[in-house]
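Quick note on labels: first sequence line is chain A, next is B, and so on, each numbered from 1. Nothing here was measured: the structure is a model prediction, and the numbers come from that model.
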Amino acid sequence: MARAKPISKSAPAKPVRLTRDFFDAPTVTVAKNLLGKLLSFNGHFGLIMETEAYVGENDPACHAARGITKRNAVMYGPPGHTYVYLIYGMYHCLNFVTEAKGKPAAVLIRGLYMPKTDLWLDGPGKLCRHLGITRDHTAMDLCGDDPSAMRLIDTGLRPKFDKTPRIGIRQGADKLWRFVVNSKI
DNA sequence: GAATAGATCCGC
DNA sequence: CGGATCTATTCA
């Protein structure tokens with residue numbers, strides 16, 4: 001006799017936040033694992049649908065490819081913090097710092113689905129503009145106790161996804177380090 | 001100090 | 001396709 005297995009039965013009853021260990025891992029792995037996680041900030045909630053990995057000083061597309069600067073310094077710090085920078089003079093991009101302290105790597109959040117408003121934020125600049133994220137929100141601790149900080153919650157979802165080259169870069173375009181959910185959550 | 005390219009988005 | 005317009009790097 002086949003056992004019926006409700007698909008959402010494994011979802012946790014109460015919100016479980018991602019721990020520092022989640023981010024203290026290979027960046028490509030973290031980028032994949034972030035898909036389907038719930039991001040909470042400033043009263044907004046959205047499921048992460050699209051990410052890209054930027055992996056250390058040997059990745060030519062990474063901001064840390066030419067060493068530490070004032071802008072990218074947070075990438076050299078401990079994992080589980082935000083890295084927000086200004087691109088093209090007008091748009092902000094949200095990243096999460098990964099891997100051990102001293103290893104500059106991060107995951108760029110490119111897409112968010114907001115169930116409450118049925119709004120699909122496709123693109124890092126759009127996403128930050130909607131959530132009100134600016135450079136002021138860089139270096140926030142995602143795993144700390146500050147109630148106003150951004151939070152990441154494990155939904156138990158493991159959505160299927162595609163791998164593609166990263167968007168908008170020339171160096172490192174051969175790497176398939178963009179991950180985008182290809183099925184409905 | 002100037003020139004240039006860049007992990008973008010929008011309007012024409 | 002081009003404009004908006006900040007940051008970091010490269011070149012003089």
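- Counting to the nearest Å, the P atom of dC9(B) and the NE2 atom of His130(A) are 14 Å from each other.
- Each of Gln171(A) and Leu127(A) has a nearest nucleotide on DNA chain B; the 5'-most of these lies closest to Gln171(A).
- Atom CG in Leu108(A) sits about 11 Å away from atom C1' in dT8(B), given to the nearest Å.
- Cation-pi contact between Arg166(A) and Tyr54(A): present, with separation from the ring centre below 6.0 Å and deviation from the ring axis of at most 45°.
- What separates OH of Tyr83(A) from P of dT7(C) is a distance of 11 Å, to the nearest Å.
- In this entry the distance linking CG of Asp122(A) with P of dA7(B) reads 19 Å, nearest Å.
- Side-chain contact between Phe96(A) and Ile109(A) is present, with at least one heavy-atom pair separated by less than 4.5 Å.
- Below 30°, between 30° and 60°, or above 60°: for Trp120(A) and Tyr113(A) the angle between ring planes is between 30° and 60°, a tilted geometry.
- Across the protein-nucleic acid pair, Ile87(A) atom CD1 and dA7(B) atom C1' stand 6 Å apart, rounded to whole Å.
- The nucleotide whose nearest atom lies closest to any side-chain atom of Arg110(A) is, among dC10(B), dA7(B), dT9(C), dA7(B).
- Checking the phosphate oxygens (OP1, OP2) of dC6(C), no side-chain nitrogen or oxygen of Arg135(A) falls inside 4.0 Å.
- In the set dC9(B), dA4(C), dA7(B), the nucleotide with an atom closest to the side chain of Lys126(A) is dC9(B).
- In this structure, Tyr54(A) forms an aromatic stack with the base of dA7(B), since both conditions hold: centre separation below 5.5 Å and plane angle below 30°.
- Of the listed nucleotides (dT9(C), dC9(B), dC6(C)), dT9(C) has the atom at the smallest distance from the side chain of Thr69(A).
- Spacing between atom CZ of Arg71(A) and atom P of dG6(B) amounts to 13 Å, rounded to whole angstrom units.
- As the counterpart of dA7(B), no nucleotide is assigned, since no Watson-Crick or G-U wobble pattern has both distances under 3.5 Å.
- With a 6.0 Å radius and a threshold of 12 heavy atoms from other residues, nucleotides or ligands, Lys37(A) has its NZ atom above the threshold.
- When each of Arg170(A) and Arg129(A) is assigned the nucleotide of DNA chain B bearing its nearest heavy atom, the one mapping closer to the 5' terminus is Arg170(A).
- In this structure, Gly125(A) reaches the sugar-phosphate backbone alone: every heavy-atom distance under 4.0 Å involves primed, P, OP1 or OP2 atoms, never a base.
- Atom CG in Leu112(A) sits roughly 17 Å away from atom P in dT8(B) (whole-Å rounding).
- Using a 4.0 Å heavy-atom distance criterion, Arg166(A) is classed as making no nucleic acid contact.
- More than 12 heavy atoms of other residues, nucleotides or ligands sit less than 6.0 Å from atom CZ of Arg17(A).
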>> Using the rule given for salt bridge (charged side-chain N to carboxylate O under 4.0 Å, His left out), can you reason through Arg20(A) versus Asp141(A), listing the C-alpha separation, both sets of side-chain angles and the distance that settles it, and then say yes or no?
In response: CA-CA 10 Å; Arg20(A) 182 115 26 227; Asp141(A) 188 356; 3.0 Å; yes
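- Nucleic acid contact class of Ile167(A) (heavy atoms, under 4.0 Å, all strands): sugar-phosphate only.
- Nucleic acid contact for Arg178(A): none, since no nucleic acid atom lies under 4.0 Å from a heavy atom of the residue.
- dT5(C) and dG1(B) have their P atoms separated by 24 Å, with the value rounded to a whole Å.
- Atom P of nucleotide dT7(C) and atom OH of Tyr91(A) are separated by 16 Å, given to the nearest angstrom.
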